[in-house]
Protein chains: 2
Amino acid sequence: MLDESWQPPAVLVAVDLVILTLRSERLHVLLVERGIEPFRGHHALPGGFLNNAGEDVLAAAHRELREEANLEGARLHLEQLGAYGAPDRDPRGRVVSVAYLAIAPGLPEPVAGTDAAGASWRPVEDVSSGRVRLAFDHRQILADGVERARAKIEHSSLATAFCGETFTVAELQRVYEAVWGVRLDQRNFYRKIQGVPGFIVPAGPNRRTTKGRPARLFRAGPRNALHPPLVRPGSPATNEGNQ
Amino acid sequence: MLDESWQPPAVLVAVDLVILTLRSERLHVLLVERGIEPFRGHHALPGGFLNNAGEDVLAAAHRELREEANLEGARLHLEQLGAYGAPDRDPRGRVVSVAYLAIAPGLPEPVAGTDAAGASWRPVEDVSSGRVRLAFDHRQILADGVERARAKIEHSSLATAFCGETFTVAELQRVYEAVWGVRLDQRNFYRKIQGVPGFIVPAGPNRRTTKGRPARLFRAGPRNALHPPLVRPGSPATNEGNQ
DNA sequence: GTAATAGTGTCTCTTAGACAATATGGG
DNA sequence: CCCATATTGTCTAAGAGACACTATTAC
């Protein structure tokens, strides 16, 4: 290690994006179809190598978001998931990938591709069930991204990033239900949301009409950290078995 | 981007370790004194470059843990914090560092150095207060590591990693108090800990003697996820301001 | 009116936190 | 006994979840 002639090995650094959105009340992820080897024809997360040695990693993520997903960084949450560095994760050689999580408001159209040929929204369920196979270790990266999103909407206002500029409480509830994969009581949800001071704020006297009583419109409030948090159900909080 | 002659830039990949422990009821971090430029003479987190192009990143972290901190990976929690890839973070050139968090049980001695000359435990407070300056972006990495630890001991049994094989409830409480930087009510803490089923289990009829009534000894239980969690205090859970 | 969704109130149970009381060792 | 620490109990208030009820639109 103290050998003066020793030089550390050079590796390639890539970024991969887990871009989540909500379509027809289900969680979707943006996938591209690979046009080159390896894994040609397979689905994969959007991403790519650093442009040049001077490019910041986060900047590269924003660039890929723009190039491959046609999404401007504006108002888009972008958060690092971690580094994936198994030696054999890319058959071309040593590649360490830095993964990012992005949340997009519901886009109805499958995003007109630009750089990558076939970019498309796919239900996350299709991947986790194995119906859609991903290249490299992207299935694991996606799983980590979904778990991060699930945990984050408990304590932060991240869930509003799935919605448009304004939204109803019911729409926000559908976000939680889709991300967590559970059903929530509408009435308790309403009360709980209103109990968190800066989470959502009324957006004008506007209302929206569908079928029943029109709902109030809200927008994301100033508060980013949620107190009290919205805890996802599932664990009955067993309190037995002292000793 | 579709230019066939284009080649992605090669960069160097390093690992950095945030190794935390508890000494005299205060949170400490293991630092080394740099023997070479850049930042010669400054304190830094232990770490180093990948050994060769085939070395796994996590394996490299374990190797550095062994080489620089003289700590075997046995029973040592090691968790990735993330990648740090700002273009100018290392004056020598482009280096992307993957940071890991490790928790060590209280070691009384300053760890006999091996590879790195002066490895020493330093109070985390000395760094966050600016009394000790770290090289590169290591101050930020340390801050991220401490925050990760603070958050993790709420929902996982990670806190027991700060203790030895067996410990008393009071010792475990001191872990929470040191990591969170708060004072907790001993009686409520005891009840809460006991209310989490698999968190800690009694370790024999042994006891330990100091001054007052001897305390029961426990060891880490099988449960890794804590239900219900131990929420850190500090936010009064304001519940006013409907609308 | 009915259907359908939005929003409010109320009840019960669990848990968090304050703090009293008791237990068990060493002087 | 006294002191110090450990362990148990009790009380109160806040939040979670179940669920009845009212409100407001379209038809």
Side-chain angles (χ1 to χ4, degrees), chain A residues 25 154-155 163 166-174 176-177 180 182-197 199-218 226-243, chain B residues 25 154-155 163 166-174 176-177 180 182-197 199-218 226-243:
Chain A
E25 314 202 355
E154 289 190 317
H155 302 278
C163 303
T166 64
F167 48 86
T168 69
V169 173
E171 285 166 357
L172 187 60
Q173 178 178 345
R174 276 175 220 122
Y176 278 90
E177 291 180 333
W180 283 345
V182 298
R183 294 285 295 169
L184 301 174
D185 184 281
Q186 180 192 353
R187 303 158 288 187
N188 291 334
F189 183 82
Y190 200 102
R191 195 165 29 76
K192 226 159 155 180
I193 290 290
Q194 295 287 56
V196 185
F199 190 8
I200 60 175
V201 297
N206 325 344
R207 314 207 158 194
R208 188 175 294 176
T209 167
T210 42
K211 222 175 332 181
R213 167 178 175 177
R216 297 187 194 145
L217 283 178
F218 296 88
L226 263 40
H227 277 291
L230 296 185
V231 186
R232 53 184 145 169
S235 303
T238 62
N239 190 17
E240 61 212 17
N242 276 21
Q243 300 231 14
Chain B
E25 314 203 355
E154 288 190 317
H155 302 277
C163 303
T166 63
F167 48 86
T168 68
V169 174
E171 285 166 357
L172 187 60
Q173 178 178 347
R174 276 175 221 121
Y176 278 91
E177 291 180 331
W180 284 344
V182 298
R183 295 284 296 167
L184 301 174
D185 183 282
Q186 179 190 0
R187 302 158 289 185
N188 291 334
F189 184 82
Y190 200 101
R191 193 165 29 77
K192 226 160 156 181
I193 290 290
Q194 295 287 57
V196 185
F199 189 9
I200 60 175
V201 297
N206 323 344
R207 313 207 161 192
R208 188 173 294 176
T209 166
T210 43
K211 220 171 340 176
R213 167 178 176 178
R216 296 189 195 144
L217 283 179
F218 296 88
L226 263 39
H227 276 292
L230 296 186
V231 186
R232 56 184 143 167
S235 304
T238 60
N239 189 18
E240 60 211 20
N242 275 21
Q243 297 234 15

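Throughout, protein chains are lettered first and strands after them, A, B, ... in sequence-line order, and every chain is numbered starting at 1.
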What distance separates B/Gln186 CD from B/Glu177 CD, expressed to the nearest 0.5 Å?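 With rounding to 0.5 Å, CD (B/Gln186) is 9.0 Å from CD (B/Glu177).
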
Separation between OG1 of A/Thr166 and CD1 of A/Ile200, rounded to the nearest 0.5 Å: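 Output value for this atom pair is 11.5 Å.
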
Not counting sequence neighbours, which residues clear side-chain hydrogen bond (donor to acceptor under 3.5 Å, both in side chains) with B/Arg187? List them please. B/Asp185

With a 3.5 Å distance limit and no angle check, can you tell me whether B/Gln194 reaches the backbone of B/Arg191 through a side-chain donor-acceptor pair?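 Pair absent, no side-chain N/O of B/Gln194 close to backbone of B/Arg191.
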
Using modelled atom types and a 3.5 Å cut-off, is there a donor and acceptor pairing between side-chain atoms of A/Glu25 and backbone atoms of A/Arg174?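 No, A/Glu25 side chain to A/Arg174 backbone: no donor-acceptor pair under 3.5 Å.
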
Separation of [N] [atom2] from [X] [atom1] (nearest whole Å):
X: A/Gln173; N: C/dA6; atom1: CD; atom2: C1'; answer: 11 Å
X: A/Gln194; N: D/dA14; atom1: CD; atom2: C1'; answer: 18 Å
X: B/Phe189; N: C/dT15; atom1: CZ; atom2: P; answer: 17 Å
X: B/Ile193; N: C/dG17; atom1: CD1; atom2: P; answer: 13 Å
X: A/Asp185; N: C/dG9; atom1: CG; atom2: C1'; answer: 13 Å
X: B/Tyr190; N: D/dG9; atom1: OH; atom2: P; answer: 11 Å
X: B/Leu172; N: D/dA6; atom1: CG; atom2: P; answer: 13 Å
X: A/Leu184; N: D/dA18; atom1: CG; atom2: P; answer: 10 Å

Distance-only donor-acceptor test (3.5 Å): side chain A/Arg187, base D/dA20: yes

Is any N or O donor-acceptor pair between the side chain of B/Arg216 and the base of D/dA6 shorter than 3.5 Å? no

Does B/Gln186 have a side-chain nitrogen or oxygen under 4.0 Å from the phosphate oxygens OP1 or OP2 of D/dA6? yes

A/Lys192 side chain near D/dG15 phosphate (N/O to OP1/OP2, under 4.0 Å):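 No, A/Lys192 has no side-chain N/O under 4.0 Å of OP1/OP2 on D/dG15.
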
By side chain to side chain contact (heavy atoms under 4.5 Å, CB included), A/Glu154 pairs with (sequence neighbours left out) A/Trp180, A/Val231, A/Arg232

Residue A/Asn188, side-chain heavy atoms: nucleotide from D/dG17, D/dA6, C/dG7 that is nearest: D/dG17

Check nucleotides 22-25 of chain D against the protein and report each pair of N or O atoms closer than 3.5 Å, with its distance, or say if there are none.
| from | atom 1 | to | atom 2 | distance (Å) |
| --- | --- | --- | --- | --- |
| D/dA23 | O4' | A/Arg213 | NH1 | 3.4 |
| D/dA23 | N3 | A/Arg213 | NH1 | 3.2 |
| D/dT24 | O4' | A/Arg213 | NE | 3.4 |

Which atoms form the tightest heavy-atom contact between A/Leu184 and A/Gln173, and what is the distance?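 Looking at all heavy atoms of both residues, the shortest contact is O-NE2, 2.9 Å.
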
Taking for B/Thr168 and for A/Pro229 the nucleotide of DNA chain D with the nearest heavy atom, the one nearer the 5' end belongs to B/Thr168

